[in-house]
Amino acid sequence: MIRVSANYLEVLSEWRRDFHRYPEPGWLEFCTTSKIADLLEAWGYSVYVGKELITGERMGLPNQESIMSFFEQAKNLGANEKWLAKMAGGYTGALAILDTGKPGPNVLFRVDIDALPILESTNESHVPQQLDFRSLNEGYMHACGHDSHAAIGLGLAEHIMQHRDRLQGTIKILFQPAEEGVRGAASLVSSDFFNNIDYFFALHIGTGVEQGVFVAGTDGFLATSKYDVIFKGIASHAGAFPEQGKNALLASAQATLALHALPSHSDGSSRINVGMLNAGAGRNIIAPNARMQLELRGETTEINAFYESQMRNILEGIATMYDIEVHYEKVGSAISVPSNRQLAEKLAKVAKALNIPTLEYQYFNAGSEDATYLMEKVQSSGGLATYSIIGTDLAAGHHNECFDIREEDMLPAIEIWLNMLLHLSEE
């Protein structure tokens with residue numbers, strides 16, 4: 001078994017803290033992608049960026065002002081013009097490919113790289129504040145560990161090159177954009193780069209798993225759909241001519257109540273949440289507009305689809321009732337796909353051989369993950385896919401302003417994946 005030197009943590013921490021210092025949300029990871037692509041190319045990988053990977057429609061694309069702002073910031077920070085040209089317009093993310101020239105499996109590893117729209121804590125007890133790697137992009141933060149995922153991906157890539165003579169087949173490492181809001185994978189999955197994958201691996205750090213414990217395979221990620229909704233009515237003087245108005249505020253409020261009144265599903269867990277609702281122009285004006293952000297989740301893809309249908313019925317029915325217009329757009333999506341137990345078992349054996357405390361399989365009935373699109377594609381063509389968890393001590397929960405990880409826990413993730421790759425090459 002190959003071990004990763006404890007001294008290598010200095011390299012991983014430097015990468016992770018740099019990513020943490022310059023967080024970029026989904027479809028805006030210009031600087032992050034450029035840094036990653038520079039390293040991968042220097043190590044000898046074939047590197048593909050942005051438009052070379054993204055073949056489908058992008059969901060939840062930021063406005064043009066945000067795209068240009070982050071693009072110019074990346075230029076000012078010295079991002080490589082070669083990569084920036086391929087990312088213009090918000091086409092981010094990178095894929096590294098190593099063809100060993102020897103027959104063997106086609107293996108894909110996936111890590112995500114985007115940040116969240118969260119203002120990071122300035123509390124002196126917050127380690128990034130103490131050690132001066134707190135976010136410099138005010139209002140954005142790596143509050144879910146994707147900075148460490150990107151560092152893990154780079155660490156794996158560097159170690160693969162150090163042991164390439166022992167490897168067979170083709171190895172791909174995807175640094176995926178826009179996982180938050182489950183927006184990125186659906187636009188990538190149709191790319192030919194991800195055809196005929198024999199083995200697929202993805203992971204997450206934290207998620208409540210005890211520090212030092214590795215979960216080789218998971219199930220239970222909820223299928224989900226995220227929607228932005230616009231209600232359009234007609235403004236009118238609320239005192240003089242209320243009957244001439246068409247009230248978008250009341251329609252949106254009625255829709256919110258109706259959505260939250262939908263019954264739970266008999267076939268499994270479900271979630272419905274209207275998380276944002278803004279409406280109206282003033283106290284004496286019949287509200288001519290309203291904006292809503294909502295999400296649906298289901299234990300299975302079928303349950304989620306059922307609630308999507310119900311949502312459409314409610315929105316369109318209430319629009320008719322209030323004689324207003326309603327427009328809705330899907331801005332994020334993920335499906336429910338279990339890990340292959342046989343691959344999780346192989347991965348667990350590797351982890352145990354490294355003396356890492358390991359759970360072979362665990363069920364999570366909580367959040368959602370768009371890596372499931374890639375998992376489904378691999379499994380539908382006869383390949384095996386698994387999603388793993390690396391436990392760590394968290395300073396605060398995911399998506400919290402005080403979120404932080406124990407950096408030492410990045411090392412075993414690299415060890416497990418590297419030795420798994422060697423095992424697959426030797427089979």
Side-chain angles (χ1 to χ4, degrees), residues 25-28 56-67 89-90 116-117 139 178 180-184 186-187 222-265 269-298 301-335 368 370:
W27 303 128
L28 303 176
E57 183 178 351
R58 292 167 297 162
M59 290 185 287
L61 192 65
N63 61 43
Q64 192 62 31
E65 182 181 356
S66 295
I67 292 173
L116 287 155
E180 298 294 356
V182 289
R183 295 173 288 158
S187 68
L222 300 174
T224 186
S225 299
K226 322 289 188 184
Y227 280 90
D228 286 348
V229 185
I230 296 175
F231 300 85
K232 292 185 177 181
I234 296 177
S236 181
H237 194 291
F241 306 106
E243 77 285 356
Q244 295 179 15
K246 296 182 180 180
N247 200 317
L249 185 155
L250 290 181
S252 65
Q254 187 74 43
T256 299
L257 292 172
L259 286 165
H260 278 271
L262 284 170
S264 57
H265 202 285
S269 298
S270 59
R271 310 277 193 275
I272 298 169
N273 186 59
V274 174
M276 190 277 284
L277 184 61
N278 291 328
R283 74 178 73 249
N284 61 345
I285 304 167
I286 300 298
N289 52 61
R291 292 178 178 271
M292 174 188 290
Q293 292 182 359
L294 68 93
E295 67 171 20
L296 312 168
R297 300 187 197 241
T301 304
E302 293 74 21
I303 291 173
N304 188 67
F306 170 81
Y307 286 105
E308 280 193 277
S309 175
Q310 296 295 100
M311 176 206 75
R312 288 190 289 269
N313 290 340
I314 286 171
L315 294 178
E316 292 168 9
I318 286 175
T320 299
M321 183 168 69
Y322 281 86
D323 194 21
I324 64 166
E325 296 179 25
V326 66
H327 305 276
Y328 45 90
E329 177 187 7
K330 185 182 286 191
V331 296
S333 179
I335 55 179
S368 305
D370 70 354

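- The distance from the OG atom of Ser368 to the CZ atom of Arg271 is 9.0 Å, given to the nearest 0.5 Å.
- Side-chain contact between Ile67 and Leu28: present, with at least one pair of heavy atoms (C-beta onward) separated by less than 4.5 Å.
- Note that CG of Leu222 and CD1 of Ile335 are 13.0 Å apart. Values are rounded to the nearest 0.5 Å.
- Considering only heavy atoms from C-beta on, Val182 stays 4.5 Å or farther from Glu295 through its side chain.
- Rounding to the nearest 0.5 Å gives a distance of 12.0 Å between CD1 of Ile234 and CG of Asn289.
- Side chain of Thr320 to main chain of Glu316: a donor-acceptor pair is present (N/O by atom type, distance under 3.5 Å, no hydrogens or angles).
- Between Met59 and Trp27, the shortest heavy-atom distance links the atoms O-NE1, 2.9 Å.
- When side chains are defined from C-beta on, Leu294 counts as touching Leu296, because their heavy atoms get closer than 4.5 Å.
- Between atom OH of residue Tyr322 and atom CD of residue Gln254 there is a gap of 4.5 Å, rounded to the nearest 0.5 Å.
- Across all their heavy atoms, Asn247 and Leu249 have their closest contact at OD1-N, 3.0 Å.
- Rounded to the nearest 0.5 angstrom, Tyr328 OH and Arg312 CZ are separated by 6.0 Å.
- Applying the ring-ring contact (aromatic ring centres under 6.0 Å, His included) criterion to His327, with sequence neighbours excluded, gives no partner residue.
- For Asn304 against Ala223, the heavy-atom pair with the smallest separation is OD1-O, 3.5 Å.
- Across all non-hydrogen atoms, the minimal contact from Ala235 to Ile285 is CB-CG2, 4.0 Å.
- Under the 4.5 Å side-chain criterion, counting only non-hydrogen atoms from C-beta, Phe241 is not in contact with Ile286.
- Taking CD1 from Ile272 and CZ from Arg297, the interatomic distance works out to 12.0 Å, rounded to the nearest 0.5 Å.
- In plain terms, the two heavy atoms of Ala248 and Pro288 that are nearest each other are CB-C, 3.7 Å.
- Taking 4.5 Å as the limit, every side-chain heavy atom of Lys232 sits out of range of all side-chain heavy atoms of Ile324.
- Val229 has its side chain out of reach of Met311: every pair of non-hydrogen atoms, C-beta onward, lies at least 4.5 Å apart.
- Shortest non-hydrogen contact noted between Lys330 and Tyr227 is CE-OH, 3.2 Å.
- At most 12 heavy atoms of other shown residues, nucleotides or ligands fall within 6.0 angstrom of atom CZ in Arg291.
- Of the possible polar contacts, none joining the Tyr307 side chain to the Ser225 backbone as a donor-acceptor pair under 3.5 Å is found.
- With hydrogens and angles ignored, the 3.5 Å screen pairs no side-chain donor or acceptor of Arg58 with any backbone N or O of Ala178.
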